[in-house]
Amino acid sequence: MTVQATLQRLSKVISRAPLALAPQRLDRFVQARHYGIGKIPQSMVDAPVERIRNVGIMAHIDAGKTTTTERMLFSAGVTRHSGDVDKGDTVMDYMEQERARGITITSAAISFPWKDHRVNFIDTPGHVDFTMEVERALRVLDGAVAVYDAVKGIQAQSVTVWRQAQRYDVPCVAFINKMDRPKASMTRTLKHMETKLNVTPLVLQLPLGVGPEFVGVVDLLDLHVTKWPGKVECTDFERYDLTQSSHEKDLLEQALVARQEMFEQLAELDEAFMEHYLSVGGEASKVEVDKAMAGVRRVAVSRSGLPVMYGTALKNRGIEPVLDSIVKYLPSPTDLQKNEVPDYAKDFCAFVFKIVHDPNRGPLVFMRVYSGEVKVGDEFYNINRHCVERAQRVILISADEYSEVSSIGAGNIAVVTGLKKAITGDTLLSKAAAGDLVSTISTAKRKGKGKEALDLAPVEKTEGSSITSLPGMRVPEPVFFCTVEVESAAHQQALDHALACLAREDPSLRVTSGEDDETILSGMGELHIEIIQDRLRKEYKCNAKLGPLQVAYRETLAAPIRHCVTKKLSHNGRNFDVKLELELSRTPGDEFRELAEKSLVELTFGKTSELHALLTGEAGAMRIAALREGMEQGARTVGPLLSFPVRCIDAKITDLDCKTWMSNELLTLAASMCFSEAMASAEIRLLEPVMHLQIVLPPNHFTTVLGDMTGPRRGVVDGIIEDDIDGNVLTAYAPLDTLRGYASHIRRQTSGLASYSMTFSHYVAVTPDVQKQVVNSMLFHGGDVL
Ligand code: GDP
Ligand code: MG
């Protein structure tokens with residue numbers, strides 16, 4: 001659009017808008033014209049840290065996250081037209097696969113100005129296969145807008161994401177979207193907040209109409225009305241003081257009642273406001289708006305309640321108040337010093353939360369800067385990889401467009417190019433802060449040991465120094481896997497490179513080699529793997545063929561076992577025996593929720609005096625560490641039944657007879673061999689991943705779906721809600737193995753009227769019958785169980 005055309009459009013918009021709004025809207029449009037799409041003004045780059053908001057948007061799939069974000073970008077003047085997920089032209093869903101499917105896959109990030117603040121916005125996907133994307137966004141966010149569907153209320157994935165936000169202490173405000181839909185209901189969604197999220201809603205607005213009649217909201221704090229009068233999607237709104245409006249006495253009365261309730265609620269949630277409220281004798285008219293606003297902010301920041309607003313993103317109504325709430329109620333990086341972030345004062349410290357491979361610029365490393373600043377040409381130390389890397393370019397992000405800048409400071413989200421080693425979850429430090437560690441690396445390099453020094457295993461805490469890495473993210477354990485191959489050996493290198501790039505971007509994708517050296521891809525679900533295949537083809541021109549999807553089982557013990565071995569070892573020409581007696585058992589219980597986070601083997605020791613003598617003192621502590629390492633090594637080699645990883649084993653060493661002079665490396669070796677031998681002689685039980693499903697379906701299909709779920713799919717019913725707004729809701733647990741192709745099955749079974757979502761719940765020990773079936777199919781039919 002030419003400058004002329006923009007000005008013409010501006011004058012049209014302004015002439016339609018009420019006069020009082022003109023300067024603000026003009027300002028926004030001029031700013032948009034000034035920097036164009038994706039170009040960010042220096043004033044925003046330099047925004048003081050108190051005026052930065054790192055916020056995300058999260059919800060169940062289809063609640064309207066992407067539409068809401070697009071409308072926000074449009075309102076903020078970043079885009080000149082509002083994207084539409086249904087037409088596939090959104091800014092945030094920029095990957096081809098996302099536009100084609102109308103879903104958000106990677107959490108795109110974008111920065112935009114709002115009322116003298118800089119908002120760094122991260123859109124997160126709602127599909128369960130991309131949980132990792134939500135985790136990494138939440139890890140670096142200071143606040144979030146939770147979007148809920150006014151018709152469907154709070155759905156399963158919203159509950160999951162809410163729990164994730166709780167784990168990372170992320171304050172939220174809620175936007176109840178789709179108020180234009182005929183069956184919209186505020187009360188249902190508010191009730192769900194209490195029952196499903198276990199949080200008290202703090203309603204900040206009174207909606208004007210519900211369903212197709214929804215035209216605006218009354219802000220209960222300042223009693224101003226915002227109305228979007230147009231019939232269809234509207235960009236203009238009017239805003240006026242309700243107390244000055246002589247023809248709306250009834251509305252004013254209703255608003256005053258709602259306001260009184262809101263203040264009472266606020267007083268219950270926030271002590272400081274309670275004091276103020278009591279000091280004015282509980283009279284709402286005497287409450288100072290600023291004090292109430294500060295109260296709402298404290299409630300949001302402390303997560304003691306959830307501020308709620310209404311609107312419809314599709315029709316562009318109610319978006320500006322949500323943007324206002326981001327700057328008014330959500331915290332700035334300075335308000336919210338998360339305890340776990342170490343204090344490096346003014347030294348640069350940042351956390352890498354995402355890597356994207358850009359075909360032209362190479363890997364783009366997305367980082368949240370916690371202190372200091374990153375400048376072009378800066379060198380910094382990567383605590384987790386033990387290496388020094390240099391920032392070639394520093395970039396501000398704007399969905400798929402980038403603006404190069406000279407530096408980005410504390411509190412902000414930056415993209416840096418030129419880093420070859422950093423991966424998601426790493427902590428970067430300025431060389432000054434890393435001090436001695438950097439000189440250790442330089443010395444190692446000078447001595448020709450550079451390679452080893454750089455390839456040290458990642459650490460959580462660097463020993464002997466006060467330097468700690470920021471806590472990493474929770475990487476979910478993949479539940480599906482398949483083999484991947486290319487047409488000829490000539491393409492293997494291209495495949496390896498492409499997979500390495502994809503795995504660096506996405507820690508929930510694992511690439512490993514199988515027994516026959518074939519490449520194995522593990523991921524979070526059918527869609528996850530399908531998207532990877534699509535990206536291999538489109539972005540890396542790699543025509544990869546995937547084998548059948550298989551469930552990622554784990555192996556554990558069916559029953560406890562006692563094992564005693566004597567190993568003949570030799571060291572420096574001396575031969576000697578090591579005798580080890582071991583008791584192995586399965587960790588108590590049948591359900592295991594956090595397999596990935598537990599250490600592989602829990603090790604204890606018997607109480608004999610011989611053992612005591614060997615395991616006390618400094619030498620004893622080293623021996624214990626060596627034995628533990630041996631057990632873990634044993635567990636890390638694949639399981640004896642079907643070569644799945646071994647998990648949930650408690651080990652007890654009841655006897656040890658060894659030479660006191662033998663090295664700890666040999667002790668590790670003996671322990672590892674003993675563990676593997678014991679497992680090989682034991683009866684093995686498979687652990688299978690179990691999913692939690694929420695199925696919404698019309699009552700006339702209920703019995704069929706229920707019968708199928710509890711019959712062939714081995715499901716266990718968790719709950720049944722009859723006649724929710726869209727039909728009955730069945731929640732159940734079922735093994736992943738029985739759920740392959742469930743999407744198309746349930747579509748056929750209910751003529752497309754049912755919808756469902758599922759999340760990984762836990763691993764469970766299978767019954768001997770199921771195990772027999774799985775083993776037969778794996779050994780004799782190449783793994784395709786169904
Ligand atoms: P996401 O999956 O949460 O990102 O949701 P999308 O933004 O992709 O929206 C899902 C669907 O809901 C699309 O078809 C949108 O057009 C539609 N939608 C979004 N917001 C509204 C709204 O306020 N009202 C109505 N009626 N539909 C909406
Ligand atoms: Mg989306």
Side-chain angles (χ1 to χ4, degrees), residues 56-75 79 81-95 97-110 121-131 133-134 137 144-162 172 174-186 189 205 207-217 228 230-235 237 309-322 399 527 531 725-726 755-757:
I57 186 156
M58 52 189 214
H60 190 92
I61 192 154
D62 272 355
K65 292 182 307 293
T66 305
T67 311
T68 307
T69 313
E70 291 293 326
R71 298 301 183 261
M72 286 179 169
L73 297 182
F74 178 65
S75 294
T79 50
H81 92 290
S82 228
D84 188 335
V85 274
D86 305 318
K87 292 188 195 142
D89 65 347
T90 59
V91 173
M92 292 302 278
D93 288 349
Y94 63 89
M95 267 171 33
Q97 291 82 358
E98 300 185 62
R99 289 187 172 172
R101 291 180 172 79
I103 54 168
T104 310
I105 297 161
T106 41
S107 54
I110 191 164
F121 211 87
I122 297 182
D123 185 30
T124 55
H127 195 283
V128 57
D129 284 8
F130 307 101
T131 320
E133 294 287 337
V134 182
V145 177
V147 177
Y148 300 118
D149 184 325
V151 178
K152 300 201 166 152
I154 294 178
Q155 298 153 281
Q157 185 65 9
S158 294
V159 179
T160 310
V161 181
W162 175 260
C172 298
F175 177 56
I176 300 189
N177 187 32
K178 304 200 184 181
M179 284 293 285
D180 59 315
R181 287 191 52 194
K183 287 184 183 166
S185 153
M186 287 98 65
T189 316
Q205 297 169 335
L208 301 177
V210 186
E213 282 83 45
F214 174 77
V215 290
V217 291
W228 296 270
K231 281 229 166 353
V232 279
E233 182 184 314
C234 33
T235 49
F237 55 88
M309 284 151 291
Y310 300 106
T312 150
L314 190 66
K315 306 243 164 91
N316 210 356
R317 295 174 182 174
I319 299 299
E320 281 87 357
V322 178
L527 184 60
I531 301 270
I725 186 75
D726 290 321
S755 67
Y756 80 99
S757 67

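For ligands, and for the atoms within them, numbers begin at 1 and follow the listed sequence.
Residue Phe214 comes nearest to Pro207 through the heavy atom pair CE1-CB, 4.0 Å, listed as atom of the first residue, atom of the second, then distance. Between Ala174 and Tyr148, the shortest heavy-atom contact is CB-CE1, 3.9 Å.
Near Thr312, meaning under 4.0 Å from one of its heavy atoms, ligand 1 places the atoms 22 (C), 23 (O), 24 (N). Of all atoms in ligand 1, numbered sequentially from 1 with element shown, those under 4.0 Å from a heavy atom of Thr67 are 6 (P), 7 (O), 9 (O), 15 (C), 19 (C). Of all the atoms in ligand 1, the ones that sit under 4.0 Å from a non-hydrogen atom of Thr66 are 1 (P), 4 (O), 7 (O).
Between the choices Glu70, Arg71, Lys65, the shortest heavy-atom distance to atom 3 (O) of ligand 1 belongs to Lys65.
A search for side chain to side chain donor-acceptor pair (under 3.5 Å) contacts involving Thr312 returns Asp180, not counting sequence neighbours. With sequence neighbours left out, Val210 forms a side-chain contact (heavy atoms from CB on, under 4.5 Å) with Met179, Ala184, Met186.
Of the possible polar contacts, none joining the Arg317 side chain to the Gly216 backbone as a donor-acceptor pair under 3.5 Å is found. Between the Asn177 side chain and the Val147 main chain, no donor and acceptor come within less than 3.5 Å of each other.
Checked by distance only, ligand 1 and Arg181 stay at 3.5 Å or farther apart across all their nitrogen or oxygen atoms. Among the atoms of Met179, none of the N or O lies under 3.5 angstrom from an N or O of ligand 1. At least one N/O-N/O distance between Asp180 and ligand 1 falls below 3.5 Å. In terms of polar-atom proximity, defined here as any N/O pair under 3.5 Å, Leu314 does make such a contact with ligand 1.
Counting heavy atoms under 4.0 Å from ligand 1, residue Asn177 touches it through the side chain alone.
Side-chain contact between Phe74 and Asn316: present, with at least one pair of heavy atoms (C-beta onward) separated by less than 4.5 Å.
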